[in-house]
Amino acid sequence: MLVVVLVLVAASYMLVLAVALAGLFVRVGRFKPYVNRAVSGAFLVAACLLGVLLAQGIDPLPGLALGAAAFGAQMVAALLAGPWLVPGISRVDRYYLGLGQQNGITAILLALALEPQFPGTAGVVGPAIIVVNVLHYGANRLLDRKLDVTPPPPPPALPSGREEPEPYGPEAAGPETGGPETAGGAAARTSPAAGGPMGTAPEVI
């Protein structure tokens, strides 16, 4: 109930950032699937509304400058303030944190909210969203290639109910016959009472 009230109040007053901050403390619990669907639906509706506004015209150069500035500000903040915000963060994590800037539903909703007071906002923010996401994808791909962090492919899974294949070849034969060990490599430990190998001994005359 708290999550529903929070979302309704935020939607009424366009407090999108307040919802984002509340996500640090509020846990949706069993309502997580419904919240995910609601967010996906809201993203599609917001994107369609932004497209309607962009049909009236865009400003590509200010959008390019805004997107590059937003991405650069994230990099500067992460590289300079990262060690103080997250003590012990590694240099590689700082790089990824600096390249983590993305724009999505929050930027779209902010553009829709500011358009009535500041006409032309959507025409600038729309291209800026594309610039930021393209920079995010390209920069992270280059960093992955530079650091060679591609994870190795997982080992092939065995079919259910089957055990590991038995070894074959010289390894499976074990030591030569006639020794105190069996073909499996384990020494024979038969007691003398059983009449096994330890129970037979040469007769002394």
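The basis for the numbers below is simple: all heavy atoms, side chains too, and nothing from hydrogens, waters or symmetry mates.
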Quick one: [atom1] on [X] to [atom2] on [Y], what's the gap to the nearest 0.5 Å?
X   : Y    : atom1 : atom2 : value
L54 : D59  : CG    : CG    : 10.5 Å
L44 : I105 : CG    : CD1   : 9.0 Å
Y95 : L147 : OH    : CG    : 8.5 Å

Item to check | Residues clustered with V76, ILVMFWY side-chain links under 4.5 angstrom | outcome: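 L80, all in the cluster of V76.
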
Item to check | ILVMFWY cluster membership beyond L142 - transitive side-chain contacts under 4.5 angstrom | outcome: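 L142 clusters with nothing; isolated.
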
Next on the checklist: Can you confirm whether F71 sits close enough to L66 that some side-chain heavy atom of one is under 4.5 Å from a side-chain heavy atom of the other?
Outcome noted: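 The answer is no; the side chains never approach within 4.5 Å.
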
Next on the checklist: I'd like to check the side-chain contact (heavy atoms from CB on, under 4.5 Å) partners of A122; sequence neighbours left out, ordered by chain and number.
Outcome noted: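 In terms of side-chain contact (heavy atoms from CB on, under 4.5 Å), with neighbours along the sequence ignored, A122 is linked to L50, L53, E115.
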
Checklist entry - What residues form a side-chain contact (heavy atoms from CB on, under 4.5 Å) with F118, not counting sequence neighbours? => result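 Residues passing side-chain contact (heavy atoms from CB on, under 4.5 Å) with F118: L114, T121.
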
Checklist entry - Can you pull the side-chain hydrogen bond (donor to acceptor under 3.5 Å, both in side chains) pairs that have at least one residue in residues 78-91, sequence neighbours excluded? => result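 Checked against side-chain hydrogen bond (donor to acceptor under 3.5 Å, both in side chains) - neighbours excluded - the pairs reaching residues 78-91 are S90-D93.
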
N/O donor to acceptor pairs below 3.5 angstrom from side-chain atoms of residues 127-141, sequence neighbours left out:
from: N133; atom 1: OD1; to: N103; atom 2: N; distance (Å): 3.2
from: N133; atom 1: ND2; to: N103; atom 2: O; distance (Å): 3.2
from: N133; atom 1: ND2; to: I129; atom 2: O; distance (Å): 3.2
from: H136; atom 1: ND1; to: L99; atom 2: O; distance (Å): 2.9
from: H136; atom 1: ND1; to: Q101; atom 2: O; distance (Å): 3.4
from: H136; atom 1: ND1; to: N140; atom 2: ND2; distance (Å): 3.3
from: Y137; atom 1: OH; to: R141; atom 2: NH1; distance (Å): 2.6
from: N140; atom 1: ND2; to: L99; atom 2: O; distance (Å): 3.0
from: N140; atom 1: ND2; to: H136; atom 2: O; distance (Å): 2.7

